[in-house]
Amino acid sequence: MNTENPTQLPRIFKIGATRIVEDASTSGLSAEAVRERLKVNFPEVTHATLRETTLEDGTLVLEWLPAAGRKG
């Protein structure tokens, strides 16, 4: 059964200053499945905290916030 809603706005994925608009390759994937795909090019999302917000127009923004850690 296809649960995709054709009128649904694409999600936006934010990693630092980078914004990625959802396309067919990420449509329908859970946030954790998207994280798995993104961590190849953005290793910082591996341990980042996920924050979900909704814009006024209904667009869902998934933002990965870097985890505080130690250097060295």
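Values in this document were obtained by computation on a predicted structure and should not be read as measured data.
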**Report entry** Side chain proximity check, Val61 to Arg11, heavy atoms < 4.5 angstrom
**Finding:** no

Query raised in the report: Side-chain contact, heavy-atom cut-off 4.5 Å: Arg37 with Leu29?
Result: yes

Spatial distance of atom [atom1] ([X]) from atom [atom2] ([Y]) [nearest 0.5 Å]:
{"X": "Phe42", "Y": "Trp64", "atom1": "CZ", "atom2": "CH2", "value": "10.0 Å"}
{"X": "Asn41", "Y": "Ile15", "atom1": "CG", "atom2": "CD1", "value": "9.0 Å"}
{"X": "Leu38", "Y": "Glu44", "atom1": "CG", "atom2": "CD", "value": "9.5 Å"}
{"X": "Phe13", "Y": "Thr26", "atom1": "CZ", "atom2": "OG1", "value": "4.0 Å"}
{"X": "Ile12", "Y": "Leu60", "atom1": "CD1", "atom2": "CG", "value": "9.0 Å"}

Results of side-chain hydrogen bond (donor to acceptor under 3.5 Å, both in side chains) for [X] - residues two or more places apart only:
{"X": "Lys39", "result": "Glu36"}
{"X": "Ser25", "result": "Asp23"}
{"X": "Glu32", "result": "Arg35"}

Query raised in the report: According to a 4.5 Å side-chain heavy-atom criterion applied to Ile, Leu, Val, Met, Phe, Trp and Tyr, with indirect links allowed, do Leu62 and Ile20 form part of one hydrophobic cluster?
Result: yes

Using atom types as modelled, flag every donor-acceptor pair under 3.5 Å from a side chain in residues 47-55 to any protein atom, sequence neighbours excluded.
from, atom 1, to, atom 2, distance (Å)
Arg51, NH2, Glu63, OE1, 2.6

Query - Residues in side-chain contact (heavy atoms from CB on, under 4.5 Å) contact with Pro10, at least two apart in sequence or another chain - result: Val21, Glu22

